[in-house]
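Next up is a structure, given as structure tokens.
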Amino acid sequence: MSVKENIDRLRSEINRHNHNYYVLNAPEISDKDFDMLLKELEALEKEYPEFADPDSPTQRVGSDLTKGFEHVVHARPMMSLSNTYSIGEVDEWFERIRKALDGEDFSIVGEMKFDGTSISITYKNGRLVRAVTRGDGTQGDDVTANVRTIRSIPLQLLPGDWPEEFEIRGEILMPWEVFEKLNAERAYNEEPLFANPRNAASGTLKMQDPREVARRHLDARFYYLLSDNLPADNHYDNMLEAEHWGFKVSKAMSKLRTLEEVDEYIAYWDEHRKELPVATDGLVFKVNSLRQQLNLGYTAKSPRWAVAFKFNPERACTPLRFVSFETGRMGIVTPVANLEPVQLSGTIVKRASLHNDDIVQELDIHEGDSLYVEKAGEIIPQITGVDKSLRPAGVKKVVFVKACPVCGTPLQRIFGEAAWVCPNKYGCRPQITGRIEHFCARRMMNIDGIGEETAELLYDSGLVSTIGEIYDLTEEKLSGLDRIGEKTAKRIMKGIEDSKSVPFERVLYALSIPNVGETTAKRLARTVISMENMRDMELEQLSAIPDVGPIIAQNIYDFLRDPVNVENIDRLTAAGVQMKVDEDKLKPSGNSLEGKTIVISGTFQHHSRDEYKEIIMREGGKNAGSISKKTSFVLAGENMGPAKLDKCKQLGIPLVSEDEFLEMINPES
């Protein structure tokens with residue numbers, strides 16, 4: 001391979017990993033492996049400058065820009081830090097600083113490197129006015145509406161001598177406790193789990209519904225203050241001032257004067273970081289003096305006055321007891337490594353998912369192997385390798401089962417995926433009881449009293465084998481079962497009766513249609529209006545629904561033509577379960593916007609964008625996605641994009657504020 005071909009290969013690979021990390025939130029390699037690729041490319045580009053390219057990934061920061069948000073140019077670029085992986089490399093950086101400052105006294109600020117998603121927030125006159133993600137370092141996504149839901153971020157500053165306008169940077173985080181609950185919920189719904197709190201925080205911050213963002217209880221830590229009028233001439237005192245104004249600043253921040261203090265700081269936090277309530281993946285060291293920072297300057301992508309030290313992932317090697325194969329609600333069979341208990345990141349690890357057959361084959365796992373388990377700042381244990389030197393002689397390779405471990409039905413491979421599935425949907429116990437439990441869960445039909453154990457009891461007793469049979473239950477039938485007393489029977493029956501008023505979108509979610517989660521179910525309900533309409537739709541019509549696409553459309557189409565599902569839906573309909581969108585949500589509430597075409601832009605305080613779209617339709621108006629001569633006015637929220645503002649000025653389109661709009665549709669309020 002020529003040098004040019006090798007450079008092109010590295011650029012392509014790094015760009016792909018950047019996309020996986022920042023856009024898809026699905027990294028395939030570790031941070032260290034990514035940095036090694038980048039350093040290899042940097043070295044080649046330095047040695048062979050004739051192959052320089054301004055679009056090379058060495059010249060930019062990875063991007064998390066999303067089409068669903070307004071893009072905002074940063075007033076000051078958000079650069080990444082150069083990474084180190086050993087105390088020796090940090091010591092070398094310290095010595096370079098000493099040499100560059102030519103004997104001048106200096107101090108270093110040590111900080112925790114929180115593992116979240118970067119944010120830049122602007123305040124004017126003590127009020128939060130804009131929050132922007134790092135994006136590509138030059139511009140980012142405006143996520144102000146979502147950031148306003150994070151309770152640890154002040155909307156109005158505490159009294160203090162803060163600048164009239166300033167920018168503060170930090171990390172949006174998902175605490176371990178919240179992360180565990182979210183993944184437990186996703187596991188219950190058989191949705192893909194977040195690999196770590198960083199991915200969960202990033203995905204949450206990019207959600208289109210601020211109410212859902214608020215429900216996930218994000219947190220934040222701040223680490224840098226920027227303004228033309230800062231309170232102090234050094235970083236440490238500026239952050240103490242920011243803390244007084246109401247910002248959450250890490251208690252780990254320390255001022256260090258010697259190389260020995262820096263090394264001791266690393267050793268201390270390498271151990272004690274495990275006690276923190278949020279994820280960390282390293283430390284950051286910054287020159288304290290802002291004047292010295294300015295003199296030290298920047299490389300093409302990193303400040304010379306700061307460096308990041310990455311912790312090595314915590315790892316343990318423990319014997320494999322056996323691999324079990326477990327069938328879930330949707331029939332997917334998952335291999336699980338059952339391990340000799342080992343302590344890792346403060347918890348005892350006994351089990352770790354091997355995810356699918358491809359991973360089992362890739363790891364080349366044999367019976368009795370000693371497996372490497374890592375958390376690497378993640379709460380979910382992962383099997384990362386095998387110590388083959390400890391492998392007993394003559395042991396057999398672990399082979400994925402060919403039949404369902406519960407019902408014995410031959411497994412089928414999902415086309416284009418790594419999963420093996422039990423096709424015996426209506427005769428496989430965990431699939432049946434899983435659907436019953438899912439149907440009755442709080443965010444679906446909310447039938448109190450029917451959880452995992454009760455679902456299994458109802459199935460084993462012969463009372464319920466399909467969700468439609470839930471509505472045939474009576475207090476007498478329930479009271480005759482073990483572990484269900486009179487009070488529990490009454491509670492279940494009340495839950496069943498109340499479930500008949502659950503909105504249609506939650507009914508769709510409860511049915512266990514493959515790949516139809518909560519968000520897709522809401523979109524489906526708003527589009528199809530009723531179950532009857534959806535049953536009549538052809539595959540092409542289903543595919544055209546936003547957020548559906550051909551794969552999910554095929555799943556819906558097949559589901560609605562399966563005889564068991566047809567009977568189930570008929571029984572639910574006969575029982576009085578809601579099978580169409582509430583007419584009150586469909587019928588116009590007025591005609592104040594009749595004949596008007598309206599474009600929505602910006603972020604809002606009182607309602608979400610989707611809610612405003614519904615209000616416009618119910619008031620007789622029409623929603624449009626772009627501004628044209630036909631636009632009657634723009635419903636303009638905060639942080640409306642400059643391009644749309646310019647278009648309005650060119651065409652003379654009026655702007656209507658949120659409060660003016662609400663007064664327009666309800667003048668008496």
Side-chain angles (χ1 to χ4, degrees), residues 184-185 187-190 326-331 404-409 422-514 516 518 521 530-532 535 559-560 562-580 582:
E185 188 176 287
Y188 174 77
N189 293 326
E190 294 199 18
E326 303 176 5
T327 307
R329 169 173 59 97
M330 305 306 289
C404 174
V406 179
C407 69
T409 303
C422 170
N424 185 21
K425 292 184 286 188
Y426 308 117
C428 182
R429 185 176 187 272
Q431 294 189 62
I432 296 168
T433 59
R435 286 193 297 271
I436 296 168
E437 182 188 0
H438 174 81
F439 184 84
C440 298
R442 179 177 59 84
R443 295 181 68 182
M444 295 71 170
M445 304 304 285
N446 195 25
I447 300 176
D448 189 20
I450 302 183
E452 180 181 0
E453 290 185 7
T454 305
E456 292 174 350
L457 180 63
L458 291 172
Y459 173 71
D460 292 340
S461 66
L463 288 177
V464 178
S465 59
T466 67
I467 55 175
E469 292 176 347
I470 291 171
Y471 293 87
D472 294 334
L473 292 172
T474 64
E475 279 189 40
E476 291 73 23
K477 291 178 180 178
L478 290 168
S479 298
L481 298 175
D482 291 339
R483 304 193 305 275
I484 294 184
E486 184 179 343
K487 287 185 179 180
T488 302
K490 287 183 181 296
R491 189 168 85 249
I492 291 173
M493 291 309 301
K494 183 179 185 304
I496 291 172
E497 187 61 32
D498 291 346
S499 74
K500 296 175 183 178
S501 60
V502 164
F504 179 47
E505 60 264 26
R506 282 171 55 189
V507 176
L508 284 178
Y509 182 30
L511 290 176
S512 289
I513 303 172
V516 175
E518 190 171 15
S530 71
M531 180 63 73
E532 183 179 0
R535 280 173 149 177
F559 183 92
L560 294 176
D562 186 301
V564 175
N565 296 327
V566 169
E567 182 183 351
N568 257 327
I569 291 169
D570 288 343
R571 294 180 77 157
L572 296 176
T573 304
V577 172
Q578 298 298 311
M579 288 297 172
K580 62 180 180 179
D582 187 347

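The structure displayed is predicted, hence computed values, not measured ones. These numbers come from the heavy atoms of this one structure, side chains and all, not from hydrogens, waters or symmetry mates.
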Item to check | Asn568 side chain vs Gly468 backbone, donor-acceptor pair below 3.5 Å | outcome: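 Answer holds: yes.
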
Item to check | Closest non-hydrogen atom pair, His438 against Tyr509 | outcome: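 That would be NE2-O, 3.0 Å.
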
Checklist entry - Which heavy atom in Tyr471 sits nearest to a heavy atom in Ser499, and how many Å separate them? => result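 For Tyr471 versus Ser499, the nearest heavy atoms are OH-OG, 2.7 Å.
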
Item to check | Where Cys428 and Val406 come nearest, the two heavy atoms and their spacing | outcome: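 Shortest heavy-atom contact: SG-CB, 4.4 Å.
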
Item to check | Any Thr466 side-chain heavy atom under 4.5 Å of Phe439 side chain | outcome: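 They are not in side-chain contact.
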
Item to check | Inter-residue atom distance Arg506.CZ - Ser501.OG, 0.5 Å rounding | outcome: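 Spacing of CZ (Arg506) from OG (Ser501) equals 8.5 Å.
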
Next on the checklist: Let me confirm one number: the CZ-CE distance from Arg442 to Met444, rounded to the nearest 0.5 Å.
Outcome noted: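 These two atoms lie 9.0 Å from each other.
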
Checklist entry - Do the non-hydrogen side-chain atoms of Thr488 and Arg491 ever get within less than 4.5 Å of each other? => result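 A side-chain contact under 4.5 Å exists here.
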
Next on the checklist: I'd like to know whether CD of Glu453 has more than 12 heavy-atom contacts from other residues, nucleotides or ligands below 6.0 angstrom.
Outcome noted: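 At most 12 heavy atoms, drawn from other residues, nucleotides or ligands, come within 6.0 Å of this atom.
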
Next on the checklist: To the closest 0.5 Å, what do you measure between CD1 (Ile432) and CD (Glu437)?
Outcome noted: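 Interatomic distance, Ile432 CD1 to Glu437 CD, rounded to 0.5 Å: 14.0 Å.
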
Checklist entry - How about Leu511 and Leu572: do any of their side-chain heavy atoms sit closer than 4.5 Å? => result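 A side-chain contact under 4.5 Å exists here.
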
Item to check | pair Arg429-Asp460: side-chain heavy atoms closer than 4.5 Å | outcome: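 In contact.
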
Checklist entry - How long is the gap from NZ on Lys425 to SG on Cys407, to the nearest 0.5 Å? => result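 If I round to the nearest 0.5 Å, the distance is 13.0 Å.
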
Next on the checklist: Please determine whether side-chain contact (heavy atoms from CB on, under 4.5 Å) holds for the pair Leu463 and Leu473, giving the CA-CA distance in whole Å, both sets of side-chain angles, and the decisive distance to 0.1 Å.
Outcome noted: CA-CA 8 Å; Leu463 288 177; Leu473 292 172; 4.1 Å; yes

Checklist entry - Can you check whether Lys494 reaches Lys490 side chain to side chain, under 4.5 Å on heavy atoms? => result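 Counting from C-beta outward, Lys494 and Lys490 never come under 4.5 Å.
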
Item to check | More than 12 heavy atoms of other groups within 6.0 Å of Glu326 CD | outcome: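 Counting neighbours around CD of Glu326, more than 12 heavy atoms of other residues, nucleotides or ligands fall under 6.0 Å, so yes.
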
